[in-house]
There are 2 protein chains.
Amino acid sequence: MPKTDSNVSRIYAALRRMAADFELKPDERINESALSQTLGASRTPLREALNRLVAEGFLTFQSGRGFFCRPLSPAAVMELYEARVAVETETARLAARNATDEGRRALSGLLDEMAEEYAASEDAARLLEMDEAFHLEIAALSGNGELCRMVENLNDRVRFIRMVFMSRMAASGAPRLAAHRAIAEAINRGDEAAAAQAMRSHIERRRGEAAEAVRTAYSRIYVPEDGS
Amino acid sequence: MPKTDSNVSRIYAALRRMAADFELKPDERINESALSQTLGASRTPLREALNRLVAEGFLTFQSGRGFFCRPLSPAAVMELYEARVAVETETARLAARNATDEGRRALSGLLDEMAEEYAASEDAARLLEMDEAFHLEIAALSGNGELCRMVENLNDRVRFIRMVFMSRMAASGAPRLAAHRAIAEAINRGDEAAAAQAMRSHIERRRGEAAEAVRTAYSRIYVPEDGS
DNA sequence: GCATATCAATCTGTATACAGCTGACAGGGG
DNA sequence: CCCCTGTCAGCTGTATACAGATTGATATGC
């Protein structure tokens, strides 16, 4: 067994991406034997990875029936957005309180880099990636590893929906960039309340579109690739 | 295999309790073979449960070395308290916004029941149980299942430390009860900002004591039971 | 024609076997 | 005296086998 490094982490990463992208369709039952063959491993490490993903909210589990992909519903997405508000208003607040000067400079720098690419790029995936990097950077500045984990988990679970947003509204990145600047400036001023409030309105603004986006998302998941 | 119901969930529950109570000592390496014998099962379901607990933050994992109990340090406990602030200020806010009249009555009722027992009981475990029930009820009133999960997880992970608080300061339940009343009243008025603020100061008040409590906690974990 | 019972195919839950890796210790060389 | 290296016991990582549960289809009675 001359593997580079642990097999289960490879399986875990692959499954996590598949679940995040809804390659496993909502509520779809997972056939362990088939999946283990697809991934080139036996069921034992596969099930270990599946169990981790259940605990992280990417999958569900019913005793005796097996593992399923998480459901995709407007209500579920709304809950995730509310959870993001809860966690990220606090990361913004703590970042404003705790960030070092070096950290503040790094945040501003990140924003400047993004500004250029924002104008140029129309690649939704790339825009989303930068957006997530910004939110993660703030979490890092908060100095709280637990909150970082939460932000990362929530980001990954709403990525698919956010991707649908992004590619639908295409080039409207400008308001988002402005909102990011407002958040970063509040953090750099050390204004906790303003940072928290800016983050809250930034996330809540998108929340209401969840219902519509979920409908679009379903069509993406179930309609075959347009290359056919 | 005539088990009542799934073996892995039994193992999971047992391990979770053991980890929560630090029967597995901080950073202690877990011997899978020995533990599987203790729990009366084989290593396969044991490892599935261990993987779930890693994802939930009760254990850590190092490839090739195995599973370890989570560390117990003042910094880690502080992070958990900050995460509680993040999550529970939002559950309080959402509860104030969304709770039905029936829900509000239930919360008041819960508080009234607790008031009686608070005065009478000096059982720290029972007091803590009621305290957690109050916080979980608010999470339920928020109507957000995701936030409920988070509150439950965080409560379980700080339970040991809170237990140390409780039994050290013994009969000082009165201020906590007053704080709970303030939170409940804000929720019942539908005053989101007041509910969030009351919850924040309620949790933050205890946060500072973490460092001291961790020291006490260590002595509890490593000093043998006083019955010896 | 519909509901129900039965049965086979399939899948999950768990035990067990074994290969490879890790960490500790002893012995030899610098 | 310290460090380096070979060896070995023990543990982890994974495959596989098999028992019990589930599911869906077919047959049967009303």
Side-chain angles (χ1 to χ4, degrees), chain A residues 1-19 22-71 222, chain B residues 1-19 22-71 222:
Chain A
M1 218 134 305
K3 282 293 148 52
T4 59
D5 77 340
S6 101
N7 207 2
V8 67
S9 67
R10 181 180 59 80
I11 296 174
Y12 166 77
L15 274 178
R16 185 176 163 119
R17 194 196 51 73
M18 288 170 68
F22 283 106
E23 283 177 31
L24 309 169
K25 307 204 187 330
D27 291 312
E28 184 183 34
R29 183 172 178 172
I30 291 171
N31 184 325
E32 296 175 13
S33 307
L35 192 54
S36 69
Q37 281 196 319
T38 303
L39 295 174
S42 74
R43 284 177 52 219
T44 309
L46 171 62
R47 282 177 60 100
E48 292 190 8
L50 290 169
N51 272 287
R52 278 181 65 174
L53 291 166
V54 168
E56 291 177 7
F58 285 96
L59 304 176
T60 62
F61 173 75
Q62 294 178 43
S63 181
R65 299 198 56 221
F67 297 87
F68 301 78
C69 189
R70 71 194 189 283
Y222 290 104
Chain B
M1 218 135 303
K3 283 291 147 52
T4 60
D5 77 340
S6 99
N7 207 2
V8 67
S9 67
R10 180 181 60 81
I11 295 174
Y12 166 77
L15 274 179
R16 185 177 161 118
R17 193 197 51 73
M18 288 171 68
F22 283 105
E23 281 177 31
L24 309 169
K25 307 204 184 331
D27 291 311
E28 183 181 37
R29 183 173 178 169
I30 291 172
N31 185 324
E32 297 174 13
S33 307
L35 191 54
S36 69
Q37 281 196 318
T38 303
L39 295 174
S42 74
R43 283 178 54 222
T44 309
L46 171 62
R47 281 178 62 100
E48 293 191 8
L50 289 169
N51 272 287
R52 278 182 64 176
L53 291 166
V54 168
E56 291 178 7
F58 285 95
L59 304 176
T60 62
F61 172 75
Q62 294 177 44
S63 180
R65 299 197 54 223
F67 296 87
F68 301 78
C69 189
R70 69 193 188 286
Y222 290 103

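Proteins come first, then strands; the chains are lettered A, B, ... in the order of their sequence lines, and each starts at number 1.
As a whole-Å value, the separation of A:Arg43 CZ from C:dT12 P is 6 Å. With rounding to whole Å, B:Tyr12 atom OH is found 16 Å from C:dG13 atom P. Between the P atom of C:dA15 and the CG atom of B:Leu35 lies a distance of 13 Å, rounded to the nearest Å. For the pair A:Gln62 CD and C:dG13 C1', the computed distance is 16 Å after rounding to whole Å. C:dT12 atom C1' lies 12 Å from atom CG of A:Leu50, rounded to whole Å. Following rounding to the nearest Å, B:Glu48 (CD) and D:dG13 (P) show an atom-to-atom distance of 14 Å. When the P atom of C:dC11 is taken as reference, atom CZ of A:Phe68 falls 13 Å away, rounded to whole Å. In this structure, A:Asn51 places its CG atom 9 Å from P of C:dG13, rounding to the nearest Å.
Applying the 4.0 Å criterion to OP1 and OP2 of D:dT12, one finds that B:Arg47 has every side-chain N and O outside that range. Using a 4.0 Å cut-off, some side-chain N or O of A:Ser42 falls inside it from OP1 or OP2 of D:dA15.
Residue pairs meeting the ring-ring contact (aromatic ring centres under 6.0 Å, His included) criterion with at least one member in residues 22-57 of chain B, sequence neighbours excluded: B:Phe22-B:Phe160. Sorted by first then second residue, the salt bridge (charged side-chain N to carboxylate O under 4.0 Å, His left out) pairs that include residues 42-52 of chain B, not counting sequence neighbours, are A:Arg47-B:Glu48, A:Glu48-B:Arg47, B:Glu32-B:Arg43, B:Glu32-B:Arg47.
Axis angle between the ends of the helix from C:dG1-D:dC30 to C:dG30-D:dC1, five pairs each and rounded to 10 degrees, works out to 20°.
Within the 4.5 Å cutoff, no side-chain heavy atoms of B:Glu56 are placed close to those of A:Glu56. Considering only heavy atoms from C-beta on, A:Val54 stays 4.5 Å or farther from A:Thr60 through its side chain.
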Hey, what are the protein-to-nucleotides 8-11 of chain D N/O distances that come in under 3.5 Å?
unit_1: D:dC11; atom_1: OP1; unit_2: B:Asn31; atom_2: ND2; d: 2.8

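Rounded to the nearest 0.5 Å, atoms CG (B:Leu50) and CZ (B:Phe61) are 9.5 Å apart.
Judged by distance alone, with hydrogens and angles left aside, A:Thr44 brings a side-chain donor or acceptor within reach of the base of D:dT16, the pair sitting under 3.5 Å.
In this structure a side-chain-to-backbone donor-acceptor pair under 3.5 Å is present from B:Arg29 to B:Arg65.
Here B:Arg70 pairs with nothing under the side-chain hydrogen bond (donor to acceptor under 3.5 Å, both in side chains) rule; sequence neighbours left out. Taking A:Glu28 as the reference, A:Leu24, A:Lys25 meet the side chain to side chain contact (heavy atoms under 4.5 Å, CB included) condition, with sequence neighbours excluded.
Each of B:Leu46, B:Leu15, B:Ile30 was evaluated against B:Phe67; a single residue qualifies, B:Ile30, per the side-chain contact (heavy atoms from CB on, under 4.5 Å) test.
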